[in-house]
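A short write-up of the structure that comes next.
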Amino acid sequence: MAVLGIESTAHTFGIGIVKDGKILSNVKKVYTTEIGGIIPTEAAKHHFQNKNEIYFEALTNAKIKDEDIDAIAFSQGPGLTPCLMEGMRFAKELADKLKKPIVPVNHCISHLEVGKITGAKDPVMLYCSGANTQIIAYASEKYRIFGETLDIGVGNFIDVFARYARIGFPGGPVIQKLAEEADKKNYIELPYKVKGMDVAFSGILTNLKQKLESKKYSLKDLAYSLQETVFAMLVETAERALAHTGKKELLLGGGVACNKRLQEMCKIMCEEREEKVKLFVPDNSLLTDNGAMIAYLGEIMFLKGIKFSYKDADKLDIMPRQRTDDVKVKWK
Ligand code: ATP
Ligand code: FE2
């Protein structure tokens with residue numbers, strides 16, 4: 001049993017191959033910009049131009065021939081329409097060529113499911129990527145969103161501030177490095193926006209921009225204070241979801257979860273809880289967008305009979321606004 005997965009929701013075009021729950025290959029190429037944000041049609045063009053190369057590299061790395069692929073999974077949503085379209089078109093093209101079924105996969109849920117490779121069984125997931133920030137856990141046939149951002153995703157928040165400070169895109173890794181160099185005594189108070197299990201970042205962004213403009217604070221101190229403040233918000237909401245659900249595992253997902261300080265703060269919270277919680281952190285290659293997670297969930301769904309014949313491909317469409325809790329989890 002081998003499944004090929006295609007990821008194309010935003011800036012990353014990735015193809016992964018999974019066989020019997022093991023990742024055989026995970027190849028990706030990321031569309032980046034020097035200045036300004038992601039232009040969806042340009043990112044889609046990037047995906048179109050790179051798809052064949054990534055496909056052949058994924059097959060080569062997996063040491064597998066295309067005829068040994070049993071199904072093609074793709075990211076159906078949520079995401080940017082032109083980018084999703086490229087992924088779906090390629091999935092349909094491959095399925096038709098290989099005469100194999102297609103499995104449509106929800107991107108956010110695949111972030112969670114692939115985390116199970118690390119051993120998590122029934123976790124609360126803190127999913128923090130560019131576009132998304134959600135606290136998710138499974139309850140009666142659905143992955144429920146216990147809390148989420150009320151405005152922008154935490155990664156976009158960091159990226160926008162970084163762009164404003166002219167330190168390039170993606171901003172997360174640079175902010176992390178600057179924060180590490182800051183003097184911990186110089187913490188600057190920032191707005192702290194938690195409502196129940198929801199968070200908000202746009203007010204903090206405005207505040208940070210003003211502080212940077214004022215030239216009274218160093219970028220290092222602002223980066224440090226940004227991390228301490230918004231990660232505390234994320235850890236607080238994750239902890240509340242753990243207390244609410246009674247679950248004993250916390251799983252991290254999404255590109256921002258690559259951040260070492262966020263990982264450390266989550267670890268401290270998990271250890272300090274009276275009833276210990278186990279923390280699971282997948283490898284960076286699985287935290288950021290990738291094709292392997294799509295293949296991984298694709299295989300699970302395929303084995304439960306959730307698939308479309310290549311002959312019915314025209315019944316399948318992308319779902320740019322699909323929400324995590326729209327998906328009926330029929331594979332558990
Ligand atoms: P999604 O479609 O799930 O919202 P995405 O397309 O935004 O995901 P990801 O690859 O999951 O992309 O995450 C990218 C984000 O991760 C960027 O905003 C980037 O700045 C951030 N990031 C990457 N490394 C770090 C880090 N070390 N610290 C903080 N943020 C990071
Ligand atoms: Fe993602």
Side-chain angles (χ1 to χ4, degrees), residues 5-14 16 26 28-33 37-38 40 43-44 46-47 74-81 83-84 87 105-115 125-134 136 143 145 148-149 151-165 167-180 201 205 223-224 226-231 234 252-266 281-294 296-297 318-324:
I6 302 170
E7 161 57 31
S8 76
T9 53
H11 46 60
T12 301
F13 189 86
N26 191 15
K28 64 172 103 169
K29 207 157 181 186
V30 182
Y31 159 87
T32 54
T33 57
I38 176 170
H46 162 272
H47 298 348
F74 76 100
S75 245
Q76 189 177 29
L80 304 169
T81 299
C83 302
L84 287 168
V105 168
N106 174 280
H107 174 92
C108 306
I109 295 179
S110 76
H111 269 290
L112 195 152
E113 291 282 357
V114 79
M125 178 164 93
L126 174 57
Y127 168 38
C128 34
S129 62
N132 294 291
T133 303
Q134 296 178 339
I136 310 170
Y143 279 110
I145 302 173
E148 65 187 317
T149 174
D151 44 42
I152 50 176
V154 62
N156 285 354
F157 154 76
I158 295 174
D159 293 337
V160 172
F161 177 65
R163 211 175 287 134
Y164 194 77
I167 52 174
F169 171 85
V174 191
I175 292 286
Q176 178 181 312
K177 194 158 176 291
L178 287 167
E180 282 162 3
F201 301 107
L205 179 60
Y224 169 66
L226 175 159
Q227 287 201 165
E228 294 304 304
T229 308
V230 302
F231 294 166
L234 296 174
L252 301 189
V256 180
C258 295
N259 190 286
K260 294 287 168 246
R261 179 61 182 145
L262 177 61
Q263 294 178 5
E264 183 183 46
M265 287 166 77
C266 288
V281 186
D283 184 72
N284 280 3
S285 61
L286 295 177
L287 285 174
T288 49
D289 286 351
N290 66 89
M293 66 183 186
I294 305 301
Y296 186 83
L297 177 52
I318 56 166
M319 295 191 176
R321 294 189 173 275
Q322 186 179 46
R323 274 178 60 85
T324 304

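Read the numbers this way: they start at 1 and go in the same order the structure lists the ligands and their atoms.
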Counting only N and O atoms by type, is there a donor-acceptor contact under 3.5 Å from the side chain of [X] to the main-chain atoms of [Y]?
X    : Y    : value
N26  : A292 : yes
Q176 : K260 : yes
S8   : C83  : yes
D151 : F201 : yes
H47  : A10  : yes
H111 : H107 : no

In ligand 1, which numbered atoms sit nearer than 4.0 Å to a non-hydrogen atom of [X]?
X    : answer
G155 : 18 (O)
G171 : 20 (O)
P170 : 19 (C), 20 (O)
A131 : 4 (O), 7 (O)
H111 : 3 (O)
S129 : 1 (P), 3 (O), 4 (O), 8 (O), 11 (O)

Trace of the side-chain contact (heavy atoms from CB on, under 4.5 Å) decision for T9 with L84:
CA-CA 5 Å; T9 53; L84 287 168; 3.7 Å; yes

Any heavy-atom pair between the side chains of [Y] and [X] that's under 4.5 Å?
X    : Y    : value
N290 : E7   : no
C266 : V281 : no
I109 : T324 : yes

For atom 9 (P) of ligand 1, which of G77, G255, G153 has the closest heavy atom?
G255

Taking both backbone and side-chain atoms of [X], is any N or O found less than 3.5 Å from an N or O belonging to ligand 1?
X    : answer
G172 : yes
G254 : no
D289 : yes
I158 : no
T12  : no

Quick one: look at [X] and ligand 1, take heavy-atom pairs under 4.0 Å, and tell me if it's side chain, backbone, both or neither.
X    : result
N259 : both
A10  : side chain
H11  : side chain

Kindly determine whether Y127 and L112 satisfy side-chain contact (heavy atoms from CB on, under 4.5 Å), including the steps that lead there.
CA-CA 8 Å; Y127 168 38; L112 195 152; over 6 Å; no

Among all protein heavy atoms, pick the one closest to [atom] and tell me residue, atom and distance.
atom                    : result
atom 3 (O) of ligand 1  : Y127 OH, 2.4 Å
atom 17 (C) of ligand 1 : D159 OD2, 3.4 Å
atom 27 (N) of ligand 1 : Q176 OE1, 2.9 Å
atom 15 (C) of ligand 1 : G130 N, 3.8 Å
atom 2 (O) of ligand 1  : H107 NE2, 3.4 Å

What distance separates N259 CG from F231 CZ, expressed to the nearest 0.5 Å?
3.5 Å

Rounded to the nearest 0.5 Å, what separation is found between the CD1 atom of I152 and the CG atom of N132?
12.5 Å

Which angle, to the nearest 10 degrees, do you find at the Fe ion (ligand 2) between NE2 in H111 and NE2 in H107?
90°

F169 heavy atom under 4.0 Å from ligand 1:
no

Take every heavy atom of K260, measure it against each atom of ligand 1, and state whether any distance is under 4.0 Å.
no

Do you see an N/O/S atom of D289, backbone or side chain, under 2.8 Å from the Fe ion (ligand 2)?
yes

I'd like to know if R261 pairs up with E228 as an ion pair, taking the criterion as any Lys NZ or Arg NE/NH1/NH2 lying under 4.0 Å from an Asp or Glu carboxylate oxygen.
yes

